[in-house]
Visitor: 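What follows is a structure written as structure tokens; I'll ask about it next.
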Protein chains: 2
Amino acid sequence: MTTLLTVLDQPAELCCTPITRDAMSAENAALLAAKFKAIGDPTRLRLLSLVAAHDGNEACVCDLNEPLDLSQPTVSHHLKILVDAGLLTRTKRGTWSFYALVPGALDNLADILRTPAS
Amino acid sequence: MTTLLTVLDQPAELCCTPITRDAMSAENAALLAAKFKAIGDPTRLRLLSLVAAHDGNEACVCDLNEPLDLSQPTVSHHLKILVDAGLLTRTKRGTWSFYALVPGALDNLADILRTPAS
DNA sequence: TGGTTACATCGACAGGTATCGATATAGAGA
DNA sequence: TCTCTATATCGATACCTGTCGATGTAACCA
């Protein structure tokens, strides 16, 4: 009886009473699924990877468009989904938009997946 | 420059050359996204949680149907997706089907999300 | 053999999503 | 102000997905 899939994250969003054992509530499941769904897409995984590979975990859109072989609106669409999921932040500097990893966001998701004993 | 989102898993599926730094390849992204997509659904997250909450990380379908408030075919559909993603295994004993966590599967996904330095 | 139980599969349908071209917006520079 | 560049948003479309009732299947039991 491992106590898997606990909910420890989302301190920003006022929700999610932590469950340390037993099954996951429907509300927590919905909130977590939204985040995993955001990274459950090849393009968005690559975008996260590209951002993480840059200095300061931050990248300009101009650096993200070319390697993906997708139209600019499509890339912008995926970036918006990652921002809405709380995984990236957007900062505008001049004409350029910079996307950065939200510190700890991916680690929080990792903690949920890790089995204690295993 | 963190070396995030490396690919360490899928030893069973003959694929995925490990990338320890730099951006993720399209092939790895597709394989990983398929797994994250499987857990990117509230019902499937709850199913994983229910299975993990049972002794031996194994549960009978009869124990999984009732707490979800979904039809039996729908639950069966979600379980199949989790099996296809390599996260659960199915074992038939008599009339009953038992689903169990694949050892290490979720931990491998967690490793991919974890940022080294952070 | 026939019935019952447990579960998977099928077919259909509604809603979601990834993608694109076209367009809007907004900042920089002349 | 006018233009150019960078990016977001819009509208449309094709495809995917979650859900259900109906049905198939296989094991157990009488």
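Quick caveat: nothing in here was measured; it's all calculated off a predicted structure. In the text below, chain A, chain B and the rest are named by the order of the sequence lines, each starting its count at 1.
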Visitor: Quick check for you: to the nearest 0.5 Å, what is the distance between T43(B) atom OG1 and L48(B) atom CG?
Guide: 11.0 Å
Visitor: So how far is it from L109(B) CG to I39(A) CD1, rounded to the nearest 0.5 Å?
Guide: 8.5 Å
Visitor: Please confirm whether the shortest side-chain N or O distance from R90(A) to OP1 or OP2 of dT7(D) is below 4.0 Å.
Guide: no
Visitor: Does the side chain of Y99(A) get closer than 4.0 angstrom to OP1 or OP2 of dA8(D) through an N or O atom?
Guide: yes
Visitor: If you find the nucleotide of DNA chain C closest to C60(B) and the one closest to V75(A), which residue's nucleotide is nearer the 5' end?
Guide: C60(B)
Visitor: Which residues within residues 62-69 of chain A lie with some heavy atom under 4.0 Å of an atom in DNA chain D?
Guide: C62(A)
Visitor: Which heavy-atom pair separates S71(A) from T74(A) by the least distance, and what is that distance?
Guide: OG-OG1, 2.9 Å
Visitor: V51(B) versus L64(B): any side-chain heavy-atom pair under 4.5 Å?
Guide: yes
Visitor: Just how far is it from atom CG of N108(B) to atom CG of L113(B), taken to the nearest 0.5 Å?
Guide: 11.5 Å
Visitor: I'd like a table of atom pairs between the protein and nucleotides 15-18 of chain C - only N or O on both sides, under 3.5 Å - with the distance next to each one.
Guide:
from    : atom 1 : to     : atom 2 : distance (Å)
dT17(C) : OP1    : K37(A) : NZ     : 2.7
dA18(C) : OP1    : R44(A) : NH2    : 3.2
dA18(C) : OP2    : R44(A) : NH1    : 3.4
dA18(C) : OP2    : H77(A) : NE2    : 3.4

Visitor: Please state how far atom NZ in K80(A) lies from atom P in dA6(D), giving the value in whole angstrom units.
Guide: 23 Å
Visitor: Taking the basic N atoms (NZ, or NE/NH1/NH2) and the acidic carboxylate oxygens, is any pair closer than 4.0 Å for E58(A) and R93(A)?
Guide: yes
Visitor: Regarding L70(B), tell me which of base, sugar-phosphate or nothing describes its non-hydrogen contacts under 4.0 Å with the strands shown.
Guide: sugar-phosphate
Visitor: Rounded at 0.5 Å granularity, tell me how far CG in L47(B) sits from CG in L79(B).
Guide: 5.0 Å
Visitor: So which protein nitrogen or oxygen atoms get under 3.5 Å of nucleotides 22-30 of chain D's nitrogens or oxygens?
Guide:
none

Visitor: CZ/F36(A) to CD1/I112(A) distance, rounded to the nearest 0.5 angstrom?
Guide: 5.5 Å
Visitor: Using atom types as modelled and distance alone, determine if a side-chain donor or acceptor of R44(B) lies under 3.5 Å from a backbone N or O of H78(B).
Guide: no
Visitor: Ignoring hydrogens and angles, tell me if any N or O in the side chain of R90(B) forms a donor-acceptor pair with the backbone of Y99(B) under 3.5 Å.
Guide: no
Visitor: Nearest 0.5 Å, what's the SG-CZ distance between C60(A) and F98(A)?
Guide: 4.5 Å
